[in-house]
Engineer: 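Quick one: the structure is below, and I'll ask about it shortly.
First the proteins, then the strands, lettered A, B, ... as listed; each starts at 1.
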There are 2 protein chains.
Amino acid sequence: MNIGELARRAGLTSSRIRFYERAGLLKTVGRQPNGYRTYPPEAVLVLELITSAQQAGFSLDEIRTLLPPDLENWRHDALIEALRRKVAEIEGLLLRLQQSRKQLVALISDIEAKPDDIDCAANARRVLTNMLGKGAEAGGAAVGAAARRRPA
Amino acid sequence: MNIGELARRAGLTSSRIRFYERAGLLKTVGRQPNGYRTYPPEAVLVLELITSAQQAGFSLDEIRTLLPPDLENWRHDALIEALRRKVAEIEGLLLRLQQSRKQLVALISDIEAKPDDIDCAANARRVLTNMLGKGAEAGGAAVGAAARRRPA
DNA sequence: CATAACCTTTGAGTTAACTTTAAGGTCAAG
DNA sequence: CTTGACCTTAAAGTTAACTCAAAGGTTATG
């Protein structure tokens, strides 16, 4: 199988596959006499595995250290441990996101709960001091990045 | 107040404050005769506001479009709308993270539920086909980025 | 045999949010 | 008058995970 065919089957670009090879995630692959890379059918599996792991939150670095040279020979204990750590990491993230959500919802309520007898500027001051007073001690949530993925 | 003092009070670096100014988040600031920037006390508030918004998941771009030229004159409707959109965004993220967590936990169980009568390689094949069969149709979670923040 | 559709490599560009570096001016203390 | 702690600017570096561009070889088709 050529690289284009593999890319189509695995649902990613050829350049990405070459990049993964350079990055050490794919073992160096066989070449045809003309220099073209040639892949065995299992390569599709490996690529699917990599993208699954990425979607589960593993960086390419993490994936590289976990991926065995062949698909049948995993470092069992390291893998399980990494999986557990990732679950814990996700749980931390979930907590922070929930915190953030709560704070935003509270902020919306606070903004909309403008007392009838004050003007907008005064309401702004009220909301501002409310917000910066409260959220400050208990650390923030650092939400943003997850939504900002896949630039283009 | 000089920039160093402001940085200390707001808990960030001077270079970051200058960066925010270049990025259009801070209105151009007064200068002393020697060229030093000089800040009014409210500048601390503005910076705290920016970092709060960041922690809630707003990008600097979003913050810039929402921040009013002066702290008392918010574009009320746009702000509320943006807050609601961010809450929705966070909720989407929460769902995907929960999905991811569930899949990882299931994967761990599956790995550990190795039938007594097969060897490691066979178990690897079993787990692999289980995993790539299941998660594929219902899209993945794209977790990773939120944990990878603030590089150094 | 020309054209399109492949493939190759190297190197640079992208994005966000900063930091770091280099080169230099200012100012208070000793 | 020198040392150190400030401040200034512009430009380049950082990180992850790719993509894109340039320049060129290969192969199938009309």
Engineer: Working to the nearest 0.5 Å, report the span between OG1 of Thr65(A) and CG of Leu25(A).
Structural biologist: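 Atom-to-atom, Thr65(A):OG1 and Leu25(A):CG are 9.5 Å apart.
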Engineer: In plain terms, say whether Lys27(B) and Glu21(B) are close enough for a salt bridge, that is, a side-chain N and a carboxylate O under 4.0 Å apart.
Structural biologist: no
Engineer: Taking CZ from Arg8(A) and P from dA5(C), how many angstroms apart are they, rounded to a whole number?
Structural biologist: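 The distance from CZ of Arg8(A) to P of dA5(C) comes to 13 Å, rounded to the nearest Å.
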Engineer: Following the transitive rule for hydrophobic clusters with a side-chain heavy-atom cut-off under 4.5 Å over Ile, Leu, Val, Met, Phe, Trp and Tyr, establish whether Leu83(B) and Leu60(B) coincide in one cluster.
Structural biologist: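 Yes, Leu83(B) connects to Leu60(B) through the hydrophobic network.
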Engineer: Output a table of nitrogen or oxygen pairs between the protein and nucleotides 20-25 of chain D separated by less than 3.5 Å.
Structural biologist:
unit_1, atom_1, unit_2, atom_2, d
dG25(D), N2, Tyr36(A), OH, 2.8

Engineer: Rounded to whole angstrom units, what separation is found between the CD atom of Gln54(A) and the P atom of dA17(D)?
Structural biologist: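 One finds 7 Å between P of dA17(D) and CD of Gln54(A), rounded.
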Engineer: Report yes if some heavy atom in the side chain of Gln54(B) is under 4.5 Å from a heavy atom in the side chain of Phe58(B); otherwise report no.
Structural biologist: no
Engineer: Look at the side-chain heavy atoms of Ile, Leu, Val, Met, Phe, Trp and Tyr, link any pair under 4.5 Å apart, and say whether Tyr39(A) and Leu132(B) land in one connected group.
Structural biologist: yes
Engineer: Could you check whether Arg85(B) pairs with Glu81(B) (Lys NZ or Arg NE/NH1/NH2 to Asp/Glu carboxylate O, under 4.0 Å)?
Structural biologist: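 Yes, this pair counts.
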Engineer: State which of dC7(D), dT26(C), dT19(D) makes the closest approach to the side chain of Asn34(B).
Structural biologist: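 Among dC7(D), dT26(C), dT19(D), the one nearest the side chain of Asn34(B) is dT26(C).
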Engineer: In whole angstrom, what separates Glu21(B)'s CD from dC7(D)'s C1'?
Structural biologist: 13 Å
Engineer: Can you tell me if Arg64(A) touches the phosphate of dA17(D), counting only side-chain N or O atoms and a distance under 4.0 Å to OP1 or OP2?
Structural biologist: no
Engineer: Would you say a side-chain N or O of Arg37(B) is under 4.0 Å from OP1 or OP2 of dT8(D)?
Structural biologist: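 It does, given that an N or O in the side chain of Arg37(B) lies less than 4.0 Å from OP1 or OP2 of dT8(D).
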Engineer: Which nucleotide in the list dC18(D), dT19(C), dT9(D) gets nearest to the side chain of Tyr20(A)?
Structural biologist: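 When the side chain of Tyr20(A) is considered, dC18(D) is the closest of dC18(D), dT19(C), dT9(D).
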Engineer: Using atom CG of Asp61(A) as one end and atom P of dT14(D) as the other, report the distance to the nearest whole Å.
Structural biologist: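 After rounding, the gap between these two atoms is 16 Å.
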Engineer: Reckon Thr13(A) has a side-chain N or O less than 4.0 Å from the OP1 or OP2 of dC18(D)?
Structural biologist: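 For Thr13(A), the contact criterion (side-chain N or O under 4.0 Å from OP1 or OP2 of dC18(D)) is not met.
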Engineer: If a pair satisfies side chain to side chain donor-acceptor pair (under 3.5 Å) and one of its residues is in residues 108-125 of chain A, list it, with sequence neighbours excluded.
Structural biologist: Asp110(A)-Arg126(A), Asp110(A)-Asn130(A), Glu112(A)-Arg84(B), Asn123(A)-Arg126(A), Arg125(A)-Glu72(B)
Engineer: How bent is the helix from dC1(C)-dG30(D) to dG30(C)-dC1(D), comparing axes over its five end pairs at each side, to the nearest 10°?
Structural biologist: 30°
Engineer: Would you mind reading off the distance between Leu6(A) atom CG and dC6(C) atom C1', rounded to a whole angstrom?
Structural biologist: 15 Å
Engineer: Mind calculating the distance between CZ (Arg18(A)) and P (dT19(D)) to the nearest angstrom?
Structural biologist: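 In whole Å, dT19(D) P lies 11 Å from Arg18(A) CZ.
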Engineer: Can you tell me how far the CD1 atom of Ile80(B) sits from the CG atom of Leu66(B), to the nearest 0.5 Å?
Structural biologist: 11.0 Å
Engineer: Which nucleotide sits closest to the side chain of Phe19(A): dT8(D), dT8(C), dT19(D)?
Structural biologist: dT19(D)
Engineer: If you only use heavy atoms from C-beta on, which nucleotide in dC7(C), dT8(D), dT9(C) is closest to the side chain of Ile3(B)?
Structural biologist: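 The listed nucleotide nearest to Ile3(B)'s side chain is dT8(D).
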Engineer: Are any of the side-chain heavy atoms of Thr38(B) and Met1(B) separated by less than 4.5 Å?
Structural biologist: no
